[in-house]
Number of protein chains: 2
Amino acid sequence: MKAITDMSSRNYGQACSVARFLDQLGSRWTLLIVRDLLVGPRRFKELLANSPSMGPNLLTDRLRELQEQGIVRKVAAPGASATTYILTEQGLELEPVVLAIARWGMRYATVDESNPGASRPDLLVVAFRAAFLPERAKGVEEAYEFRIDDTIFFAQISDTVLHTGLGSATRPAFVLTTDSQTFDKIAAGTLDVIDAQERCLIDLSGDEQAFARFLDLFKGRGG
Amino acid sequence: MKAITDMSSRNYGQACSVARFLDQLGSRWTLLIVRDLLVGPRRFKELLANSPSMGPNLLTDRLRELQEQGIVRKVAAPGASATTYILTEQGLELEPVVLAIARWGMRYATVDESNPGASRPDLLVVAFRAAFLPERAKGVEEAYEFRIDDTIFFAQISDTVLHTGLGSATRPAFVLTTDSQTFDKIAAGTLDVIDAQERCLIDLSGDEQAFARFLDLFKGRGG
DNA sequence: CCGGATCCGTAACGATACTG
DNA sequence: CAGTATCGTTACGGATCCGG
């Protein structure tokens, strides 16, 4: 039995909207859970595997808080034991926050020895949204498919609006297959795309011109 | 004497840009310090007074971290003992993040008994930027001045771009004088502007039509 | 008086083991 | 698989004290 009136103790106690945001979402791991759920529905074990050092008790706490706040909802499919967590509408409205954070992080948060972890390809679904340059996509109407390591995801562009998600694209202009290491190096500017293509590190099947357009639509090192 | 190799211990250890952002700015009080510095230069004591429960030791730690990361710079004016803290260019680039956070907070983070603190008028300088609706400001070229409690600040609009800061406006279209309580109620939708004007809770001197335009340029309760 | 540094109690977190 | 229980560790909160 636990105290029911456990109303979040360590609040900032400021009337400011930024402080209130942080009262709800400022504690450790919380925004990373939201980030993971922006990719798609996730199960308890998946969230835990994404952030092993969090520990199951903390994940339980965070998910409970997020549910109480109306940001996350637990969805139980009847047949299987498929309890998954998804973002509510209010939770989906956190996407601008996460994308703004991702943009700053991509630009300024340096990669050093403290974050050695292998990058997770599924997070590219969110990273693409952050790196997208809408004004360059005027009139573009096409979809691309990516197969990085073992995850398949798509990017679909309809005249300045981008839609990304896990799974295959419908009628993709190209399908790009590679491993996450190679992709990371290209995104970081350490490796040139043409170079990687010549060295058979990436496989591109489809419209080469669409691939050139794609490269122009997202900001990597070269703007 | 302290350990020099104290490199931030509790990092997420993920390659994701969101995680790296939180490694640098995710600890308690950090983003609130950035928020305060977005208003303008601040002294140690001012930052401390804005968040009394932080304690001087934590403020010292946070300011040191922020300086090491190149987000904050300490500026010492030679004559007086005027050591103030300001944001570097990299720190100023955090504004989109803080504004996205503020927008979500304004919309969803409810005000309850846990954040009773009087709202600080100087933060309106940042709140205005978050609530600004650029598309409605096409062709507008004017400045407004506000005097809330004891702080004076301005909002200057030049065709979809807003500039706010502490201090007086140059040739303001109107000067609005009121107290923060009244202003908060109006912003929250609890009090109608016309009503407040009739009850002499706010004093408006200048162009009434400009005031109507102003109300349309920022999103309060009524969109 | 301002800009910190030191010290200590408490609450949050991290890791592992355990259970329906 | 989805959590709960337990416990050691770290970060935070509050107060007091120090040097220019």
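Just so we're on the same page: letters track the sequence lines, and every chain starts at 1. Below, all heavy atoms of this structure are taken into account, side chains as well, without hydrogens, waters or symmetry copies.
At the heavy-atom level, B:T60 lies under 4.0 Å from the strands shown only through sugar-phosphate atoms.
Residue A:F146 is tested with A:F211, A:F218, A:F214 for a ring pair (Phe, Tyr, Trp, His ring centres under 6.0 Å); the sole match is A:F214. Looking at B:D150, B:D149, B:D36 one by one, the single match for salt bridge (Lys or Arg N to Asp or Glu O under 4.0 Å) with B:R120 turns out to be B:D36.
DNA chain C is contacted by both B:L63 and A:G55; B:L63 maps to the nucleotide lying nearer its 5′ end (nearest heavy atom per residue).
In this structure, CD of A:Q14 is placed 12 Å from P of D:dG13, rounded to the nearest angstrom. Summarising the geometry, the separation between CG on A:N57 and C1' on C:dT16 is reported as 10 Å, rounded to the nearest angstrom. Residue B:Y85 contributes atom OH, which lies 7 Å from atom C1' of C:dG3 at whole-angstrom precision. Going from atom CZ of B:F44 over to atom P of C:dG4 covers 6 Å, rounded to whole Å. A straight line from CG of B:L48 to P of D:dA15 spans 12 Å, rounded to a whole angstrom. Atom OH in B:Y12 sits roughly 9 Å away from atom P in C:dC13 (whole-Å rounding). When the C1' atom of D:dG3 is taken as reference, atom CD1 of A:I33 falls 14 Å away, rounded to whole Å. Per the geometry, CG belonging to A:L59 stands 15 Å off C1' belonging to C:dA15, to the nearest Å.
Proximity note for B:L58 (side chain, C-beta onward) versus D:dG13, D:dT16, C:dG3: the nearest is D:dG13. Residue A:T83 places its side chain closer to D:dA2 than to any other of C:dG3, D:dC12, D:dA2.
Look at A:R43 and you'll find a side-chain N or O under 4.0 angstrom from OP1 or OP2 of D:dA2. Proximity of A:R62 to the phosphate of C:dC13: a side-chain N or O atom is located under 4.0 Å from OP1 or OP2. Distances shown here put a side-chain N or O of A:R28 below 4.0 Å from the OP1 or OP2 atom of C:dG14. Applying the 4.0 Å criterion to OP1 and OP2 of D:dC1, one finds that A:K45 has a side-chain N or O inside that range. For B:W29, no side-chain nitrogen or oxygen approaches OP1 or OP2 of D:dA11 to under 4.0 Å.
Ring pair B:F44/B:Y85 is tilted by interplanar angle, where 30° to 60° counts as tilted.
Using a cutoff of 4.0 Å between basic side-chain nitrogens and carboxylate oxygens, A:R20 and A:D23 are not scored as salt-bridged.
We find the CD1-CZ distance between A:I71 and A:R62 to be 12.0 Å, quoted to the nearest 0.5 Å.
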